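Here is the structure we will look at.
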Protein chains: 2
Amino acid sequence: MCSPHQKTTTEKSELFMSQTEFAPDQRQQIVDQLRMEIITGRIAEGMPLREVSLAERFQVSRAPIREALKQLAHEGMVESKPNCGMRVAPSSSDSMQELIIPLRQTVESFALKSIFADLSESDFEEWEFILSEMKIACETKDYASLAELDIKFHQSIISKSPEQGLMSIWITLVSRLRRHFLEGFQKPRDPMKVYYEHVAIVAMFRSGKLEPSIQALVSNMD
Amino acid sequence: MCSPHQKTTTEKSELFMSQTEFAPDQRQQIVDQLRMEIITGRIAEGMPLREVSLAERFQVSRAPIREALKQLAHEGMVESKPNCGMRVAPSSSDSMQELIIPLRQTVESFALKSIFADLSESDFEEWEFILSEMKIACETKDYASLAELDIKFHQSIISKSPEQGLMSIWITLVSRLRRHFLEGFQKPRDPMKVYYEHVAIVAMFRSGKLEPSIQALVSNMD
DNA sequence: AGTGGTCTGATTGTAAACAATTTAGCTGAA
DNA sequence: TTCAGCTAAATTGTTTACAATCAGACCACT
């Protein structure tokens, strides 16, 4: 028989580990890197993703690249055309976004409920560190980083939940809300308001009141 | 530049095409076959899935098998342990199922709304053919086939929707509801009731009334 | 000039060989 | 007996090479 070392992987998905990180899993790193670049718009919609180009860029062979692209395709980040390669998929339609937003709110509320009683000081500090980075991104109007940090914040909530598979569902949903993370920031609102929204969320978490915390979290996703 | 032939694949997912089918896509066929065998319980929970064994069984090399297993892992059907292989993942917890069921209801209702006005005779006939197979499965108490046909029925609704990505979301959800499709049939209810529930759904579709159709569909998922 | 066929370049899909990692069983000494 | 360390088998992860497929250009033919 076979029994591995420890982790029950399938969905670590640290999402955005810069290439300076050491190397827990080569392939997952590639997936997270590419996903973040697509979500934040650093890789534009419709742009083709060639296996050989990516293989050269990440200094690996085509096989890990193929698996990474496959996963991103299943998440809805890229479209695959048989025998013809992948390209960054277009954003979801308006009606799809209207479907997905409440789904996402349901999932994140569920995750928060499942962890709320066990939150510790280190959890709050982790979020507050993200907030500090978010503040800088807002002040410098670095919208790509802001989107990245916003996603990182919400993902860290999901990742704390002990429920298996929640992360996978969440990513499948959020990957189809790219426009929210780009247009949502650039256009109308003062980016600082995004920052303060998240400050309010963490502060409410610290208060220990569940229902208002869920409300704060949900209202941030509209 | 590259532009493929026609299909914008990424999610055909015929789901259960017996090995007699010709061969539009080798890999997708393997994925669908394995997924169905897991959902219907033909491959038991916790059973390891060895790449070489599957490669021999499907008469292909390890590469397509790896990609298939990767996809199933992302859907939550199998668990991956680094350097140690895949095994069929355990069913979701009760609380996860309570989360997923309403999500699934929302997704299927959305799909039905998006296609309801354009339903044609051929659509009804397709569903009624599934019903006829379902009737046989109920009469012979073939619970695995019944589960398979139940899934096939609902999936065909999703597949008719023009919305891109809906199928991917749906599969991510339904893959985690395996127990519903096994325990749900074997234990309490007379299997024939499952059949009549679906008859009622199709009949309501034919009536052209949207809201009652949604109601019928949703009530089938509890 | 327009139409059809063919050839070429590029890209993905598959297969087979190789490297790295882990588990399990065995050996041997305290 | 029990436990540490070692060896070997099994399995996955990666690289490389090869086959299949498709888009586009080129050229003959009408």
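Chain letters run A, B, ... following the sequence lines, proteins first, then strands; residues in each count from 1. Keep in mind the model is a prediction, meaning the values are calculated, not measured.
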| field | Length of the line joining B:L54:CG and C:dA15:P, which is rounded to integer Å | value | 14 Å

| said: Please tell me if B:R66 has a side-chain N or O lying less than 4.0 Å from either OP1 or OP2 of D:dG13. | reply: yes

| field | A:Q71 CD - D:dG13 P separation (whole Å) | value | 13 Å

| field | NZ/NE/NH1/NH2 to OD/OE distance under 4.0 Å, A:E148 and A:R178 | value | no

| Candidates D:dT14, C:dT12, C:dT14 - which lies nearest the side chain of B:S61 | C:dT14

| In whole angstrom, what separates B:E56's CD from C:dA15's C1'? | 15 Å

| message | Closest approach to the side chain of A:R50, judged atom by atom: which nucleotide of D:dT12, C:dT11, C:dA15 is it? | response | C:dT11

| query | How long is the line joining CD of A:E51 and P of D:dT14, in whole Å? | reply | 15 Å

| request: Grab the CG-C1' distance between B:L69 and D:dG13 for me, whole Å please. | output: 14 Å

| request: Taking side-chain contact (heavy atoms from CB on, under 4.5 Å) as the test, write out the residues that go with B:E98, two or more places apart. | output: none

| What's the CD-P distance between B:Q28 and C:dT14, to the nearest Å? | 11 Å

| query | How close or far is atom C1' of C:dA16 from atom CD of B:Q59, stated in whole angstroms? | reply | 15 Å

| query | So, A:K70 and B:E67, do they make that salt bridge, N to O below 4.0 Å? | reply | no

| query | Could you state the NZ-C1' distance from A:K70 to C:dT14, rounded to the nearest angstrom? | reply | 13 Å

| Would you say B:R62 reaches D:dG13's phosphate, i.e. side-chain N/O to OP1/OP2 under 4.0 Å? | no

| message | Any base atoms under 4.0 Å from A:L49, or only sugar-phosphate, or nothing? Heavy atoms, all strands. | response | sugar-phosphate

| So, are B:E163 and A:R176 salt-bridged, with charged N and O less than 4.0 Å apart? | no

